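Since the structure comes first, as structure tokens, the remarks are kept for the end.
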Amino acid sequence: MNIMNNKQQPTKDKVYESEVETGKPIPATKWWRSRRILLALFAIILILCAVFFTLIIPKLFAPTIQASRDPNVGNRVNINGQTFYYTETVKLFVDAKEFAELKPNLTGDYEYSVNDLALGLHKFSAQAISRGGYESAMSQIVSVDISPTATIVVPTATPAIPTATPIPFTPTPTPIAIITPTFSGIVSGTYYYAEDLPNLSGKSSPKQTIQLFDSNRAIGNTISDDEGKWAIKLDKALSVGSHLLQAGLFNIDGKELARSPNTLIYVITPLNVQVLQGSIITIGSSISDSGKITGTGHPSLTVKIYENESTLTTSTVDQGGYWQWVIPTTTLTGTHALNFVQLASVDQPVGTAIKKSITINLLLLPDTGADLTSQEMSLFGLLSLIILVTISLKIGARFSRIE
């Protein structure tokens, strides 16, 4: 029996191992397994891609363009379109002449408005310029007719054509009649109480959006009615201080068409009288505050106190917001219905303050514990001296008897 025939044939790996062990050369690695060659191929592919995207594609693909007449401004044309994201600039051509260079955004979109166009037919086109300075093909040409009114052209009927077919056209939308918003019921430079302004109203263009601003901060909006009237209810009352109000007119697309002039108003602290209805006040006292009426109001304004439309006095509110009235002793005692109102200026009530003046019924009584006069003080001192001398004499006589 042959022993060699019973041995298992060696595998390929075993063969390689035996070749290494014996020092025989290992077969050479195939060329596509070389790392340097693979890196070189990858670099060549990158360069070809860069050339393709920067040189070839811009020449093959032209930008898109759309043009339409602005419905609000008759001689304005709005243009927009799209190009590739790597486009550096877009050249805009009006009537085959270069008009402007535009900068597209990161997604390749661009837009522009051409103003003050002459009446007639105008043609618009665009061309993209790549970042390498290469020009693309021209876009399609779009035409826009700038004319005061669109007309229908009807061909003259001929015997062979009994009925003429009108040329289709798109009528120009009727522009919105822009009426600058105005305020109703408030006057610039005037003082108001916050409770007098639960809402603000005015007038503008019919059926348009009205946005209300306070120092350029939006505080409400509404839609004007068929007559252009509008009213906005405030979600939050205006705070004490100055407020610069404006009303803006916006179309259905959210574009602002007009804004009202600035209206500056002042919201002030309400008037308050710190005395209860039916209180009894003693007048003429100098040892207590019982002869005073105090309250709070807006600093630097005037509080007018009157009875039966007859002014009794006025008092200025100090910087701390307080005022007072010392009732003179010449005031008639008895029940008085006193009225208090805060004035923006002399005899000019704040807002509608005159309609809600504070009326308080008071009972004024003379002060029975008023200070003594100088003559009364002299008589009191003399009497006290006599009593003191008499007591001293009696004490001295008693000590004399004891001795």
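Hydrogens, waters and symmetry mates play no part in the numbers below; they use all other heavy atoms, side chains included. Since this is a predicted model, take the numbers as computed values, not measurements. All residue numbers in this chain count up from 1 along the given sequence.
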What closest approach, in Å, do [X] and [Y] show between heavy atoms, and which atom pair accounts for it?
X: A137; Y: P63; value: O-CD, 3.8 Å
X: S205; Y: L249; value: OG-CD2, 3.5 Å
X: P181; Y: G248; value: CG-C, 4.1 Å

Are [X] and [Y] close enough that some pair of their side-chain heavy atoms sits under 4.5 Å apart?
X: D196; Y: Y191; value: no
X: V142; Y: I79; value: no
X: N272; Y: F340; value: no

Fill in: Distance-only polar pair, side chains of Q274 and T294, donor-acceptor under 3.5 Å
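Judged by distance alone, the side chains do pair up.
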Discussion item. Within the 3.5 Å criterion, strictly below it, is a donor on N78 or S68 matched to an acceptor on the partner's side chain?
Written reply: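 No.
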Tell me if the [atom1] atom of [X] is crowded by more than 12 foreign heavy atoms within 6.0 Å.
X: I252; atom1: CD1; answer: no
X: F93; atom1: CZ; answer: yes
X: E256; atom1: CD; answer: yes
X: Q66; atom1: CD; answer: no

Worksheet item: Rounded to the nearest 0.5 Å, how far does NZ of K255 lie from CG of N72?
Response: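 Between atom CG of N72 and atom NZ of K255 there are 5.5 Å.
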Practice prompt. Let me see the working for I178 and Q208 under side-chain contact (heavy atoms from CB on, under 4.5 Å), right down to the final yes or no.
Written response: CA-CA 10 Å; I178 299 176; Q208 299 299 319; over 6 Å; no
Fill in: Single hit among V273, T313, V303, T314 for side-chain contact (heavy atoms from CB on, under 4.5 Å) with W325
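Of all the options given, the one that passes is T313.
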Atom pairs and distances, side-chain donor-acceptor, residues 209-220, under 3.5 Å, sequence neighbours left out:
residue: Q211; atom: NE2; partner: G220; partner atom: O; Å: 3.3
residue: D214; atom: OD2; partner: H243; partner atom: ND1; Å: 2.8
residue: N216; atom: OD1; partner: R259; partner atom: NH1; Å: 3.2

